Each structure stands twice: as structure tokens, then as C-alpha cells.
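For this chain, numbers begin at 1 and follow the sequence in order. These numbers were taken from a predicted model, which means no experiment stands behind them.
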Amino acid sequence: MKETKGENAKTWQDQTARRGKCDLTGWWENDLGSQMHIFSVNSQGDFRGEYHTAVSSAQKPIKPSPLHGSQHLDEDGQCTFGFTVNWKRFSDSTAVFVGQRFVDASKQEVLQTAWLLREKVDSLQDDWKATRVGRNVFTRMNFKEE
Ligand code: BTN
């Protein structure tokens, strides 16, 4: 079996074992086509990763962006988590996501999230229009055998 993307599940057994827990490590894709890679989660539930957004309102070309987060380590597999994405490589904005992991009826892992995206505005008078809110649903990217 070929491991296509780094720390994602190496084997089918790994993926099956992870369904019962709340390990966010790996590659995820959302309903906009954005992808994120969560590197290893430490014993405190803290993690880092890289976010590849599919969309942007910035003028510069999109680049992969660092994310920092923290998750609960519940044994029931339905943990809550949060992370920040700093888009500094191409934008002045900052995003925060909060969410919860579930396993759906077809045994797929899903992350239900909500986000706030803060844009930089020129003055206090423009503060009213600086924050957007939305939701994204992420599913795990599974890499097939070749
Ligand atoms: C910007 O446009 O200033 C930076 C990129 C913002 C991307 C947003 S964050 C919330 C939403 N979900 C995504 O996957 N991408 C967009």
C-alpha cells in the first residue's frame, strides 16, 4: 500500500482504529475544497498544521498557511476543538475555527465547524464590516491503494 500524504493513515487498520477515538491528525477537505493537514497532536491535545484554502478575498495568490489548535482528548470520539489560521503569507486576515468531530451513518469521520474571519480594515469607522462568519464541514481525505 502506498502512503501518498505523510502522516495520514498508513493502513486501513489505522483508519478503522482511529474511528473510535478523536485523533484529528491527517488530511481533511471541506465543502469549499479547502484542505488542511494536521500534524501530530501532543498529549495535551495541542496541534499544529497547514491550511490550504481553496478560496480567498485577498489580492495576492493563495499560499499554504500555518494553523495552531487545541482539541479535547475524549474517548467517545466526539471531541470539540479549535484552531487559528494566520494567513500572513498572502493576507492580513486571521481566521478562527471551532468544531466537533463525529462519525456519520456511513462511518465517515466528519468535522462540523464554524468560523470567524477577521479582515484588516483601515479605520475604526470600518470595524462594522470586518468580521465574517460561516460554517464548514470537513471529511477525512483517504488515500487509495495504487
Ligand atoms: C483571506 O481571504 O483573507 C484569507 C483566506 C480566508 C479563507 C476562508 S477562512 C473561512 C473559509 N473556509 C475556508 O476553507 N476558506 C475560507
Side-chain angles (χ1 to χ4, degrees), residues 2-10 14-15 17-144 146:
K2 183 161 184 185
E3 186 193 354
T4 319
K5 286 204 172 175
E7 296 173 33
N8 215 50
K10 293 184 187 69
D14 284 352
Q15 293 177 26
R18 200 160 44 192
R19 287 209 182 90
K21 297 188 289 171
C22 208
D23 182 359
L24 300 183
T25 303
W27 282 87
W28 299 86
E29 185 166 36
N30 74 19
D31 47 297
L32 292 170
S34 299
Q35 298 180 354
M36 66 172 172
H37 184 195
I38 296 181
F39 309 150
S40 59
V41 179
N42 73 17
S43 60
Q44 299 302 304
D46 300 329
F47 59 85
R48 290 182 306 107
E50 200 165 59
Y51 202 102
H52 303 243
T53 184
V55 298
S56 169
S57 56
Q59 302 298 315
K60 294 184 183 170
I62 292 170
K63 292 190 172 167
S65 301
L67 72 82
H68 291 88
S70 179
Q71 66 159 103
H72 284 261
L73 297 168
D74 307 348
E75 288 295 321
D76 67 358
Q78 300 202 152
C79 62
T80 63
F81 59 86
F83 61 86
T84 304
V85 189
N86 185 328
W87 310 103
K88 59 188 172 189
R89 298 186 69 203
F90 67 97
S91 168
D92 294 326
S93 304
T94 301
V96 291
F97 287 74
V98 289
Q100 186 170 353
R101 175 197 186 264
F102 296 96
V103 176
D104 70 14
S106 60
K107 297 199 164 57
Q108 282 260 25
E109 290 178 88
V110 289
L111 305 180
Q112 295 285 348
T113 71
W115 51 262
L116 292 172
L117 177 62
R118 174 71 193 203
E119 290 188 6
K120 187 177 183 181
V121 289
D122 290 336
S123 66
L124 186 55
Q125 284 68 36
D126 287 337
D127 181 69
W128 64 271
K129 63 179 180 182
T131 306
R132 292 183 195 162
V133 59
R135 296 167 63 90
N136 282 134
V137 179
F138 291 82
T139 52
R140 197 179 279 282
M141 296 171 70
N142 291 317
F143 301 103
K144 303 253 171 12
E146 284 183 6

Residues Val103, Arg101; criterion side-chain contact (heavy atoms from CB on, under 4.5 Å); working and verdict: CA-CA 7 Å; Val103 176; Arg101 175 197 186 264; 3.7 Å; yes
Stepwise side-chain contact (heavy atoms from CB on, under 4.5 Å) check, Val137 with Phe102: CA-CA 11 Å; Val137 179; Phe102 296 96; over 6 Å; no
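In this structure, NE2 in His37 is found 10.0 Å from CE in Met141, a value given to the nearest 0.5 Å. Taking CD from Glu50 and CD1 from Ile38, the interatomic distance works out to 12.0 Å, rounded to the nearest 0.5 Å. The line from OG1 of Thr139 to CG of Asp31 is 9.0 Å long, rounded to the nearest 0.5 Å.
In this structure, Gln44 and Leu73 approach most closely via the heavy-atom pair C-CD1, 4.0 Å. Across Thr53 and Val55, no two heavy atoms sit closer than the pair OG1-O, 2.7 Å. Of all heavy-atom pairs spanning Ser93 and Trp87, the tightest one is O-CD1, 3.2 Å. The two residues Leu24 and Val41 make their nearest non-hydrogen contact at N-CG2, 4.5 Å. Minimum interatomic distance between Arg140 and Thr25 (heavy atoms only, all atoms of both residues): NH1-O, 2.6 Å.
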Less than 3.5 Å apart, which donor and acceptor atoms pair up between the side chains of residues 59-72 and the rest of the protein, not counting sequence neighbours?
from	atom 1	to	atom 2	distance (Å)
Ser65	OG	Lys63	O	3.0
Gln71	NE2	Cys22	O	2.7

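The aromatic rings of Phe81 and Phe83 lie parallel to each other, with less than 30° between the two planes, well short of the 60° mark. Between Phe138 and Phe97, the ring planes lie perpendicular to each other; the angle is over 60°, past the 30° to 60° tilted range.
A side-chain donor-acceptor contact under 3.5 Å links Ser34 to the backbone of Ala54. Checked by atom type and distance alone, the side chain of Arg135 never pairs as donor or acceptor with a backbone atom of Gln112 at under 3.5 Å. Between the side chain of Asn86 and the backbone N or O of Lys88 there is at least one donor-acceptor pair closer than 3.5 Å. Judged purely by atom type and a 3.5 angstrom limit, Asp104 uses its side chain to pair as donor or acceptor with the backbone of Lys107. Between the side chain of Gln100 and the backbone N or O of Gln78 there is at least one donor-acceptor pair closer than 3.5 Å. With hydrogens and angles ignored, the 3.5 Å screen pairs no side-chain donor or acceptor of Asn136 with any backbone N or O of Thr113. Between the side chain of Arg118 and the backbone N or O of Val96, no donor-acceptor pair lies under 3.5 Å.
For Arg132, the salt bridge (Lys or Arg N to Asp or Glu O under 4.0 Å) partners are Glu119, not counting sequence neighbours.
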